Student: 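What follows is a structure written as structure tokens; I'll ask about it next.
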Amino acid sequence: RSKLGQANLGQSAATLRLASVTQFAPGQPAAIVQDVSFTIPDGQFWVVVGPSGSGKSPLLRLIAGLLPVSSGEIFLDGEEIGQRTPSQRDIAFVFQMFALYPHMNVYRNLSYPLVSQGMPRAQVRAKVDEVATILGIKDILKKPVGGLSGGDRQRVALGRAIVREPKAFMMDEPLGALDAEFREHMAEELRALHDRMGATTVYVTHDQLEAMQMGDKIVVMNNAVVEQFGTPQEIYDKPATMFVAIFIGEPAMNFLNFQGTVAAGADTVSLDGTELGMPALRDGASGELVFGVRPEHITLNDTGAYRGKVIATEYLGTTQIVTLNTPNGDLKARIASDQPASVGETVGMDFNPDTITLFDRGTGHALRSALNEGVLAHG
């Protein structure tokens, strides 16, 4: 079991709710966070993911009170906190760049929040010792933080947040300074810590794999707005927009472009004269449309009616990525590594109908079906 999973720290979780939260930077016409609304239930771990400049870090700072809210409301444990100072919100913030007190050693950095609260010395020592053991930094408690490695300094920053036992944690890429191996380890440890403590957590990362690994739910942001939020499986299987379909998944979802009309209730679509199955549409659509399919939901066989020419293969051990040129655009298929696929040959393809998403190319939004109406709601 994880050391963090055995922690005894008590935590009071609280529901976090954002209602139409918007923030404008001074002198800038465009919002850096635009009309964001969602509710994080007590004790859940939500991950905010998106490219650089998407608004994910400003959103975290708005919740913590480090940026002013231009409009909208923020509620924690049922109380509106949007106009409170950061110290009045009972939220712990872990920054990407450590933000430690350089003139203090590790022990004093960890104990400072507790000492400031007037906690008895013996209790402070016990809590610091517990957190230091959890994070594997007990042997450096007496060292000055300025001489520590980046990874150790970030662990101290995490410890200083954990020791406070707040109602909610805001974490802004806290593992970004760690090497890949330790980062993966700490991601597992952080998730185990959350499961034991039960504190509401909002975690920002640009790494979609980290988001899928850690989050109860994922918030995907782009250009200051929430494109979609949902469980990792909902986000992956039923992307609400073409951006989400591209950003989540490696390789990304394939897009096959076509011009046509699809009637309400239709469960097939015609691509280059070939009828392909899909979930039945709730509403009809016409014009420039996009047929979306994940690489692993494509089967190559001799009998497949939709055909393409193999233009590249990439061996990945147990699987291979095969790139095919089709009349509607290139696509990638993930197939078994021992399945023959030679560059230059033309092969047939089958698609799993239940996994298909149809998009409106103009808006980039997924077309709703009876099966995915609930999970394709935009944030």
Side-chain angles (χ1 to χ4, degrees), residues 14-26 28-84 86 89-96 167-173 200-208 210-212 214-232 234-235 238-248 363-366 374-379:
T15 296
L16 178 65
R17 180 165 71 89
L18 278 65
S20 301
V21 171
T22 296
Q23 206 270 342
F24 291 90
Q28 299 295 321
I32 59 175
V33 173
Q34 178 69 54
D35 196 27
V36 172
S37 299
F38 54 74
T39 298
I40 304 178
D42 286 356
Q44 286 202 356
F45 192 110
W46 281 38
V47 179
V48 183
V49 67
S52 178
S54 60
K56 55 188 187 296
S57 290
L59 177 63
L60 214 62
R61 285 163 167 76
L62 286 168
I63 297 171
L66 303 179
L67 286 176
V69 175
S70 299
S71 63
E73 296 176 301
I74 302 173
F75 296 87
L76 181 63
D77 202 16
E79 298 182 1
E80 211 287 321
I81 62 171
Q83 304 306 316
R84 294 183 183 179
R89 299 193 182 196
D90 200 10
I91 291 174
F93 201 107
V94 180
F95 294 90
Q96 184 178 13
K167 287 183 177 178
F169 287 105
M170 303 293 114
M171 298 188 178
D172 191 0
E173 301 202 49
T200 303
T201 301
V202 186
Y203 183 102
V204 161
T205 182
H206 66 276
D207 187 331
Q208 52 109 353
E210 195 170 88
M212 299 286 282
M214 299 181 72
D216 292 320
K217 288 193 176 180
I218 298 173
V219 179
V220 184
M221 292 195 70
N222 184 40
N223 292 329
V225 302
V226 173
E227 296 261 344
Q228 185 178 4
F229 61 84
T231 66
E234 288 170 350
I235 295 287
K238 300 295 180 183
T241 67
M242 292 177 67
F243 171 81
V244 174
I246 293 170
F247 193 79
I248 301 296
T363 66
H365 290 174
V375 300
L376 289 185
H378 301 286

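These numbers were taken from a predicted model, which means no experiment stands behind them. In this chain, numbering begins with 1 at the start of the sequence shown.
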Student: Roughly how far apart are L16 CG and F75 CZ, rounded to 0.5 Å?
Tutor: 11.0 Å

Student: Is it the case that the side chain of S70 and the backbone of F24 share a donor-acceptor pair, with hydrogens and angles ignored and the cut-off at 3.5 Å?
Tutor: yes

Student: With sequence neighbours left out, what residues match S54 under side chain to side chain donor-acceptor pair (under 3.5 Å)?
Tutor: none

Student: Report the distance from atom CG of N222 to atom CD1 of I246, rounding to the nearest 0.5 Å.
Tutor: 9.5 Å

Student: Judged by atom type as modelled, is there a donor-acceptor pair below 3.5 Å linking the side chain of K167 to the main-chain atoms of D90?
Tutor: no

Student: Shortest non-hydrogen contact from D35 to T22?
Tutor: N-OG1, 2.9 Å

Student: In Å, rounded to the nearest 0.5 Å, how long is the span from OG1 of T231 to CG of D216?
Tutor: 10.0 Å

Student: Does Q228 reach the side chain of T241, with side-chain heavy atoms less than 4.5 Å apart?
Tutor: no

Student: What heavy-atom pair brings G215 and V47 nearest, and what distance separates the two atoms?
Tutor: CA-CG2, 3.6 Å

Student: For G82, is there any backbone N or O sitting under 3.5 Å from a side-chain donor or acceptor partner on E80?
Tutor: yes

Student: What are the two closest non-hydrogen atoms of A366 and P239, and how far apart are they?
Tutor: CB-O, 3.5 Å

Student: Measure the spacing between NE2 of H365 and CE of M242 and express it to the nearest 0.5 Å.
Tutor: 11.0 Å

Student: Tell me, do L18 and L59 make a side-chain contact under 4.5 Å, heavy atoms counted?
Tutor: yes

Student: Taking the side chain as every heavy atom from C-beta outward, state whether E210 and E173 have any atom pair closer than 4.5 Å.
Tutor: no

Student: Within a strict 4.5 Å, meaning less than it, do heavy atoms of the W46 and P41 side chains meet?
Tutor: yes

Student: Checking the side chain of T200 only, and the main-chain atoms of D42 only, is there a donor and an acceptor separated by less than 3.5 Å?
Tutor: no

Student: Rounded to the nearest 0.5 Å, how far apart are CZ of F247 and NE2 of H206?
Tutor: 8.0 Å

Student: Any sub-3.5 Å donor-acceptor pair from S37's side-chain atoms to S20's backbone N or O?
Tutor: yes

Student: Atom CG of residue position N223 - does it have more than 12 heavy atoms of other residues, nucleotides or ligands inside 6.0 Å?
Tutor: no

Student: So do the side chains of R61 and F93 get within less than 4.5 Å of each other, counting heavy atoms only?
Tutor: yes

Student: With distance as the sole test, does R89 use its side chain to make a donor-acceptor pair with the main-chain N or O of I81 at under 3.5 Å?
Tutor: yes

Student: Taking C-beta and beyond as the side chain, do I248 and M212 meet within less than 4.5 Å on heavy atoms?
Tutor: yes

Student: Looking at K56 and Y203, would you say the former's side chain and the latter's main chain have a donor-acceptor pair under 3.5 Å?
Tutor: no

Student: Taking the side chain as every heavy atom from C-beta outward, state whether P86 and I91 have any atom pair closer than 4.5 Å.
Tutor: no

Student: What is the minimum heavy-atom distance between L76 and A14, and which atoms define it?
Tutor: CD1-CB, 3.9 Å

Student: Determine the minimum heavy-atom distance between P58 and V33, stating which atoms define it.
Tutor: CB-CG2, 3.9 Å

Student: Distance from S57 atom OG to M170 atom CE, nearest 0.5 Å?
Tutor: 12.5 Å

